[in-house]
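Each chain gets a letter, A, B and so on, in the order its sequence line appears, and its residues count up from 1.
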Amino acid sequence: MSEVDRESDVAAHRRRKLAARRELGDAYPNAFRREDTAADLHARHGDAAKDALEAASVRAVVAGRIMLRRVMGKASFLTLEDPSGRIQCYLRRNEVGAETYEEFKDLWDIGDIVGVEGALMKTNRGELTVQASAVHLLAKSLKPLPEKYHGLVDQETRYRQRYLDLMVNEESREVFRVRARLTASMRRFFDERGYLEVETPMMHPIPGGATARPFVTHHNSLGVDLYLRVAPELYLKRLVIGGFERVYEINRCFRNEGLSPRHNPEFTTVEFYQAFADYRDLMDLTEELLGSLLDEIAGGRVLRFGDDDLDFRQFARRTMSEAVGEATGKTPSEVADPEALAALARGLNIAVEPHWQWGRLLTEVFEARVEESLVQPTFITQYPAEVSPLARRSAADPRLTDRFELFVAGREVANGFSELNDPDEQAERFRAQAALKSRGDLEAMHFDQDFLTALEYGMPPTAGEGIGVDRLAMLLTNRTTIRDVVLFPQMRPAGSEEAT
RNA sequence: GGGUCGUUAGCUCAGUCGGUAGAGCAGCGGGCUUUUAACCCGUUGGUCCUGGGUUCGAGCCCCAGACGGCCCA
């Protein structure tokens, strides 16, 4: 590349400026200390009158990234951004000195990290401003920032280079602040109720706790394959058996499935278990939890999401059979009939497999016809045992379990049930799953003898639940794509990238 | 996996009928001591995603592929 081409490149200009800065001394000093944040200065002095503020000669020491630059002959304005917000700085040649002012004009760019100290003033237009007496270039930015008005719009770049998105898009920063408040608020909720926060293994010798395809990895010195967990359930139950009767875990699960606006291969759940409780207690607890989260984060229990006002003041409760009957116009006896359900399923273009029994058919029809229509918070209860290998059977009907899922805005948000604590029946259910697996069902569960051994020591009557944290974050931030609420979403590798 | 839309300057985007690529911002040079998406004058910058094909001629049409968005499975 010729010298002329390099000269025309933005990055080359900035490298030249960095080189010039190095000549003048340490180009990446770490001695400057911020004393004031933008938001704090605005809060304390934003309302002050111009004359009074300037008479008081309030000293301020700020630091941040240059977002805007307005250079005039002998005086300039900078818009500095720190984590709290923006503050304007005013540099006058007379005040900072000719040499410094020229250095600023020649070597500083939008994107640089700088420190400014000086007295607070108000401009004629009333904007609070730090009138610089001294300025410091703290870190040179060698890459041009996205356009200052439109910001960064390209979704691919926003996900692949999240730091750029965060740098220039305040809405994006706010999403992740809300997400952090969400998990903090959850922890408070469970801590206050005597739940112990625990961390269980991410690498499982036998994947379990959900019907899903796992990622496989390998432990070299043990010489065994391990699976990234699809759910923490079986370990949390071991803790209940051990005597930690209330536990919760907020962490990642991994499922080896496709990428979509609703699925990231790694995602976050909160799972919690409570001895001497059943699924009804957990539905009540879930209403309480979501209500308190909304109070704290959204400031009320009605949440605007897309075109809907989601009302969390009351949650509907309906059995899966009822919901399917309503959606399809079938009578209870038709919904209870496997043949009728199979016909219904075929009519919905579902690839019905011969070994599916009533429970699986009902669930498939439910997913195809009902799920999406559950906009307002709705608990669907009485899931079939066939699709609930870890849940306790209903006393009233052995085909069903004491299980629920919560749906909001057409999405599954929570899944909970009274736990199956009979080791012999659990062994039976594992055998049924293993049979599915040998038929080629990659999502079916493994037979987990180690977990059965734990159950044989006796698990108290228990209920447990998992809630999708990403999905809650989507609801609270009005996003329809999980990638908008995951800091670094999984992307297909971009191929050979820039070498410089 | 299928369908569909998109990919043009660092960023945000135009690009007519197929006739050889533009704007704003950023950058560079100059001017300007209360600007604020500063402004004024001048100006550099392109693998039009990649590879084929059709054509006298392709950013534009056709085929294949890559990556992304959305929908479906």
Side-chain angles (χ1 to χ4, degrees), chain A residues 1-17 38 50-51 53-54 66-81 86-98 101-102 104-112 118-132 141-161 164-165 167-170 257-263 306 345 348-352 364 367-368 372 410 479-484 489-498 500:
Chain A
M1 196 180 274
S2 76
E3 196 60 20
V4 178
D5 288 333
R6 285 190 57 83
E7 282 302 297
S8 65
D9 183 10
V10 175
H13 283 296
R14 291 192 172 206
R15 288 219 163 260
R16 229 190 37 227
K17 292 173 181 180
K50 180 173 166 68
D51 292 348
L53 183 65
E54 284 159 26
I66 301 176
M67 300 308 287
L68 296 170
R69 212 168 83 107
R70 295 174 287 282
V71 178
M72 295 171 289
K74 298 186 181 63
S76 300
F77 289 90
L78 289 181
T79 300
L80 218 66
E81 186 162 298
R86 292 184 171 199
I87 183 80
Q88 180 171 262
C89 300
Y90 183 42
L91 277 75
R92 296 201 309 168
R93 193 171 191 268
N94 286 353
E95 202 163 348
V96 298
Y101 190 73
E102 291 309 311
F104 152 74
K105 271 177 49 171
D106 292 343
L107 304 185
W108 292 27
D109 290 296
I110 287 175
D112 292 352
L120 289 180
M121 59 167 273
K122 281 249 173 128
T123 63
N124 292 338
R125 299 274 288 272
E127 180 161 350
L128 186 67
T129 300
V130 178
Q131 185 165 341
S141 171
L142 295 173
K143 301 278 195 187
L145 250 51
E147 206 247 3
K148 62 188 177 185
Y149 185 57
H150 299 92
L152 179 65
V153 173
D154 182 72
Q155 289 199 55
E156 187 173 352
T157 309
R158 285 183 50 227
Y159 300 144
R160 288 191 195 274
Q161 293 179 276
L164 279 181
D165 179 39
M167 215 181 276
V168 301
N169 294 327
E170 162 60 22
E257 43 197 38
L259 306 171
S260 86
R262 293 181 190 190
H263 299 93
L348 293 167
N349 278 328
I350 295 168
V352 175
E364 294 283 340
E367 286 174 0
E372 204 179 323
R479 307 282 149 161
T480 54
T481 302
I482 192 172
R483 290 179 162 187
D484 282 342
Q490 199 63 48
M491 302 287 283
R492 206 178 288 270
S496 65
E497 274 294 344
E498 46 186 14
T500 49

Whole-Å distance separating the [atom1] atom of [X] from the [atom2] atom of [N]:
| X | N | atom1 | atom2 | result |
| --- | --- | --- | --- | --- |
| His13(A) | rA26(B) | NE2 | C1' | 11 Å |
| Met72(A) | rC39(B) | CE | P | 12 Å |
| Tyr149(A) | rG24(B) | OH | P | 16 Å |
| Glu147(A) | rA37(B) | CD | C1' | 8 Å |
| Arg93(A) | rC32(B) | CZ | P | 10 Å |
| Leu348(A) | rC72(B) | CG | P | 15 Å |
| Arg158(A) | rC67(B) | CZ | C1' | 17 Å |
| Glu156(A) | rA66(B) | CD | P | 14 Å |

Phosphate OP1/OP2 of [N]: any [X] side-chain N/O under 4.0 Å:
| X | N | value |
| --- | --- | --- |
| Lys17(A) | rC28(B) | yes |
| Arg70(A) | rU36(B) | no |
| Lys105(A) | rU33(B) | no |
| Ser260(A) | rC72(B) | no |
| Arg492(A) | rG68(B) | yes |
| Lys122(A) | rU34(B) | no |

For [N] versus [M], give the span between their [atom1] atoms, rounded off to a whole number of Å.
| N | M | atom1 | result |
| --- | --- | --- | --- |
| rU50(B) | rA26(B) | C1' | 28 Å |
| rA23(B) | rA14(B) | C1' | 7 Å |
| rG30(B) | rC11(B) | P | 27 Å |
| rU20(B) | rG57(B) | C1' | 8 Å |
| rC40(B) | rU36(B) | P | 11 Å |
| rU47(B) | rU33(B) | C1' | 46 Å |
| rU16(B) | rC60(B) | C1' | 11 Å |
| rC13(B) | rG18(B) | P | 26 Å |

Using Watson-Crick or G-U wobble geometry with both distances below 3.5 Å, tell me the partner of [N], or none.
| N | value |
| --- | --- |
| rU43(B) | rG27(B) |
| rC56(B) | rG19(B) |
| rA66(B) | rU7(B) |

Item to complete: Could you give me the CA-CA distance, side-chain angles and deciding distance for Asp484(A) and Arg158(A), then say whether salt bridge (charged side-chain N to carboxylate O under 4.0 Å, His left out) is met?
Response: CA-CA 9 Å; Asp484(A) 282 342; Arg158(A) 285 183 50 227; 3.7 Å; yes
Starting the side chain at C-beta, find the nucleotide from [options] nearest to [X].
| X | options | value |
| --- | --- | --- |
| Val10(A) | rA38(B), rG27(B), rG69(B) | rG27(B) |
| Asp109(A) | rG68(B), rG27(B), rC13(B) | rG27(B) |
| Thr481(A) | rG27(B), rC70(B), rU36(B) | rC70(B) |
| Arg69(A) | rG27(B), rU36(B), rC13(B) | rG27(B) |
| Pro146(A) | rC67(B), rC11(B), rC32(B) | rC11(B) |

Any side-chain heavy atom of [X] sitting closer than 4.5 Å to one from [Y]?
| X | Y | answer |
| --- | --- | --- |
| Glu54(A) | Gln131(A) | no |
| Val168(A) | Glu147(A) | no |
| Lys148(A) | Arg69(A) | no |
| Arg15(A) | Leu142(A) | yes |
| Val96(A) | Phe104(A) | no |

Discussion item. Test your reading of the model: is there a side-chain donor-acceptor pair from Tyr101(A) to the backbone of Arg92(A), 3.5 Å cut-off?
Written reply: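 Such a contact is absent between Tyr101(A) side chain and Arg92(A) backbone.
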Discussion item. Could you check whether any side-chain N or O of Lys74(A) sits under 3.5 Å from a backbone N or O of Arg93(A), counting only pairs where one atom can act as donor and the other as acceptor?
Written reply: no
Establish whether the base of [N] is bridged to the side chain of [X] by a donor-acceptor pair shorter than 3.5 Å.
| X | N | answer |
| --- | --- | --- |
| Asp154(A) | rU12(B) | no |
| Glu127(A) | rU35(B) | no |
| Thr123(A) | rU35(B) | yes |

Discussion item. Between Gln155(A) and Lys50(A), which residue's closest nucleotide on RNA chain B lies nearer the 5′ terminus?
Written reply: Lys50(A)
Worksheet item: Mapping Leu145(A) and Tyr159(A) onto RNA chain B by nearest heavy atom, which one lands closer to the 5' end?
Response: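 The residue whose closest nucleotide sits nearer the 5' end is Leu145(A).
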May I ask you to say what [X] touches in the nucleic acid, namely base, sugar-phosphate or nothing, with a heavy-atom cut-off under 4.0 Å?
| X | answer |
| --- | --- |
| Arg14(A) | nothing |
| Leu152(A) | sugar-phosphate |
| Thr157(A) | nothing |
| Arg483(A) | sugar-phosphate |
| Gly258(A) | nothing |
| Val168(A) | nothing |
| Asn349(A) | nothing |

Worksheet, complete the sentence: Scanning both residues in full, the closest heavy-atom pair of Asp109(A) with Ile66(A) reads O-CD1, 3.6 Å
